[in-house]
Amino acid sequence: MNKVIAIANQKGGVGKTTTAVNLASSLAATKRKVLLIDLDPQGNATTATGIKEEKPNTLYDLFFNNTPINECIYNTSDNYKVLPGDQNLIALDVGIRENNKQNFLSTELKKIDDEFDYTIIDTPPTLNQLTIEALFAASGTLIPLQCEYYSLEGVAGLMQTIQTLSDKNLTSNRVLGIIRTMVDMRNNLAKEVSDELEKHFSNLVFNTLIPRNIKLAEAPSHGVSGVKYMPTSYGAKAYLALAGELIRKVEYA
Ligand SMILES: Nc1ncnc2c1ncn2[C@@H]1O[C@H](COP(=O)(O)OP(=O)(O)OP(=O)(O)O)[C@@H](O)[C@H]1O
Ligand SMILES: [Mg+2]
């Protein structure tokens with residue numbers, strides 16, 4: 001069965017897209033069939049996949065032009081597939097609300113349930129209808145977090161939203177874990193925040209730390225994940241380890 005996982009945090013620039021792309025690549029490296037969905041109008045994940053189509057079909061085409069979902073899925077330069085996103089998704093956000101089509105993504109994903117082992121959804125830095133669609137469609141959410149002073153603000157809100165949707169039986173989504181990103185343990189504050197996280201969310205914090213690593217930041221300009229771009233880099237190794245930890249959590253729990 002396809003395990004649908006949303007990557008969410010309404011704070012910007014915390015490593016959502018980097019995590020989505022490199023996790024997709026790492027899971028694909030374990031021979032699992034992976035789909036990456038870009039639900040962010042910024043389209044950063046789409047750029048990072050290196051797809052060649054100039055104007056690929058997105059969920060906008062699926063929603064407004066009835067393009068079948070299979071015609072919105074593309075091969076990447078890596079071993080996973082992508083359902084791209086671009087700025088048209090801003091109109092999709094409005095379209096879903098105005099047409100009262102909440103949950104449409106979840107319905108669409110059921111059509112391709114047996115084609116993938118994992119579907120990873122990258123979301124925008126806001127709790128808008130697109131993010132809510134991802135939270136509805138997913139069975140689990142991963143929260144990337146930078147160990148900074150304000151980083152925990154907002155996370156409580158996101159967790160509450162997921163809990164509320166789940167309490168109302170609107171979704172079976174649960175928080176799978178918090179991922180510490182761009183970690184630099186030479187920084188005392190980062191270490192303090194990281195320790196606090198372990199204390200307060202001990203069962204939710206992933207053991208794998210994603211280090212700050214330039215190779216992860218360079219990779220998108222080459223149209224590949226960091227894992228493919230430089231497999232021996234600390235960043236790539238960390239995401240491969242994270243995928244292992246995730247697999248143990250969702251497949252062997
Ligand atoms: N571990 C890392 N090491 C070094 N640079 C990183 C790392 N993770 C992310 N970055 C860089 O930090 C910036 C923000 O990362 P990213 O785009 O993944 O965050 P995001 O949460 O998706 O942002 P947004 O909220 O805008 O969607 C990017 O330039 C990215 O290349
Ligand atoms: Mg992003």
Side-chain angles (χ1 to χ4, degrees), residues 5-26 36-50 58-59 78 82-87 89-90 92-93 120-135 138 141-148 150-155 157-158 177-187 190-191 193-194 197 205-243 245-246:
I5 296 174
I7 314 285
N9 186 340
Q10 60 270 53
K11 196 162 160 50
V14 296
K16 291 181 288 296
T17 302
T18 305
T19 298
V21 171
N22 284 286
L23 207 48
S25 178
S26 299
L36 172 67
I37 300 182
D38 190 355
L39 254 191
D40 185 351
Q42 294 183 99
N44 294 340
T46 303
T47 311
T49 64
T58 70
L59 287 171
D78 221 318
V82 64
L83 200 168
D86 61 20
Q87 57 192 7
L89 294 181
I90 293 167
L92 175 66
D93 180 72
I120 307 290
I121 311 178
D122 187 27
T123 65
T126 150
L127 250 181
N128 63 8
Q129 188 59 41
L130 296 171
T131 306
I132 298 286
E133 281 298 304
L135 297 180
T141 300
L142 294 174
I143 307 177
L145 195 128
Q146 245 182 297
C147 293
E148 291 175 340
Y150 290 115
S151 62
L152 278 173
E153 293 188 6
V155 169
L158 175 61
I178 295 171
I179 301 163
R180 290 167 284 179
T181 60
M182 296 181 239
V183 176
D184 177 0
M185 282 302 177
R186 288 168 305 183
N187 174 332
K191 196 167 172 347
V193 175
S194 178
L197 269 176
V205 181
F206 277 82
N207 292 323
T208 310
L209 297 168
I210 308 298
R212 186 173 282 284
N213 180 238
I214 189 70
K215 297 297 169 202
L216 291 172
E218 280 173 14
S221 65
H222 298 270
V224 286
S225 67
V227 171
K228 175 122 197 257
Y229 176 61
M230 189 65 77
T232 53
S233 64
Y234 288 116
K237 285 182 183 162
Y239 274 111
L240 286 161
L242 182 73
E245 207 182 337
L246 179 69

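Whatever order the structure lists them in is the order used to number ligands and atoms, beginning at 1.
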Using modelled atom types and a 3.5 Å cut-off, is there a donor and acceptor pairing between side-chain atoms of [X] and backbone atoms of [Y]?
{"X": "N9", "Y": "I143", "value": "no"}
{"X": "T18", "Y": "G15", "value": "no"}
{"X": "K16", "Y": "K11", "value": "yes"}
{"X": "E245", "Y": "T208", "value": "yes"}
{"X": "N128", "Y": "T131", "value": "yes"}

If the contact criterion is a heavy-atom separation under 4.0 Å, does [X] count as touching ligand 1?
{"X": "P211", "value": "yes"}
{"X": "G235", "value": "no"}
{"X": "I210", "value": "yes"}

**OP:** Kindly compute the distance separating OH (Y229) from OG (S25), expressed to the nearest 0.5 Å.
**Re:**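 Between atom OH of Y229 and atom OG of S25 there are 14.5 Å.
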Original post:
Going from OG1 on T58 to CD1 on I37, what distance comes out if it is rounded to the nearest 0.5 angstrom?
Top reply: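 These two atoms lie 11.5 Å from each other.
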Ignoring angles and geometry beyond distance, decide whether [X] reaches within less than 3.5 Å of ligand 1 through its nitrogen or oxygen atoms.
{"X": "T18", "result": "yes"}
{"X": "G15", "result": "yes"}
{"X": "T19", "result": "no"}

Under 4.0 Å from a heavy atom of [X]: give me the atoms of ligand 1 that qualify, with their elements.
{"X": "G12", "value": "25 (O)"}
{"X": "V14", "value": "19 (O), 20 (P), 21 (O)"}
{"X": "N213", "value": "2 (C), 3 (N), 4 (C)"}
{"X": "Q42", "value": "24 (P), 26 (O), 27 (O)"}
{"X": "A217", "value": "5 (N), 31 (O)"}
{"X": "L216", "value": "1 (N), 2 (C)"}

Strictly inside 4.0 angstrom of [atom], do you find any protein heavy atom?
{"atom": "atom 4 (C) of ligand 1", "result": "yes"}
{"atom": "atom 7 (C) of ligand 1", "result": "yes"}
{"atom": "atom 19 (O) of ligand 1", "result": "yes"}

Original post:
Step by step, would you call L209 with M185 a side chain to side chain contact (heavy atoms under 4.5 Å, CB included)?
Top reply: CA-CA 10 Å; L209 297 168; M185 282 302 177; 4.0 Å; yes
Original post:
Is there side-chain contact between D40 and L89, with heavy atoms separated by less than 4.5 Å?
Top reply: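 A side-chain contact is absent here, since even the closest heavy-atom pair is not under 4.5 Å.
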Original post:
With a cut-off of 2.8 Å, does T17 place any N/O/S atom under that distance from the Mg ion (ligand 2)?
Top reply: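 T17 does place an N, O or S atom closer than 2.8 Å to the Mg ion (ligand 2).
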Original post:
Is Q87 atom CD crowded by more than 12 heavy atoms from other residues, nucleotides or ligands, each under 6.0 Å away?
Top reply: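 No, the 6.0 Å shell around CD holds no more than 12 heavy atoms from other groups.
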**OP:** Using the side-chain contact (heavy atoms from CB on, under 4.5 Å) rule, pick out the option among S26, S233, S225 that qualifies with Y239.
**Re:**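 Exactly one option meets the side-chain contact (heavy atoms from CB on, under 4.5 Å) with Y239, and it is S26.
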Subject >> Contact partition for D40 relative to ligand 1, non-hydrogen atoms under 4.0 Å >> reply: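 Just the side chain.
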Subject >> Shortest heavy-atom approach to atom 22 (O) of ligand 1 - which of N9, T17, N22 >> reply: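 It is T17 whose heavy atom sits nearest to atom 22 (O) of ligand 1.
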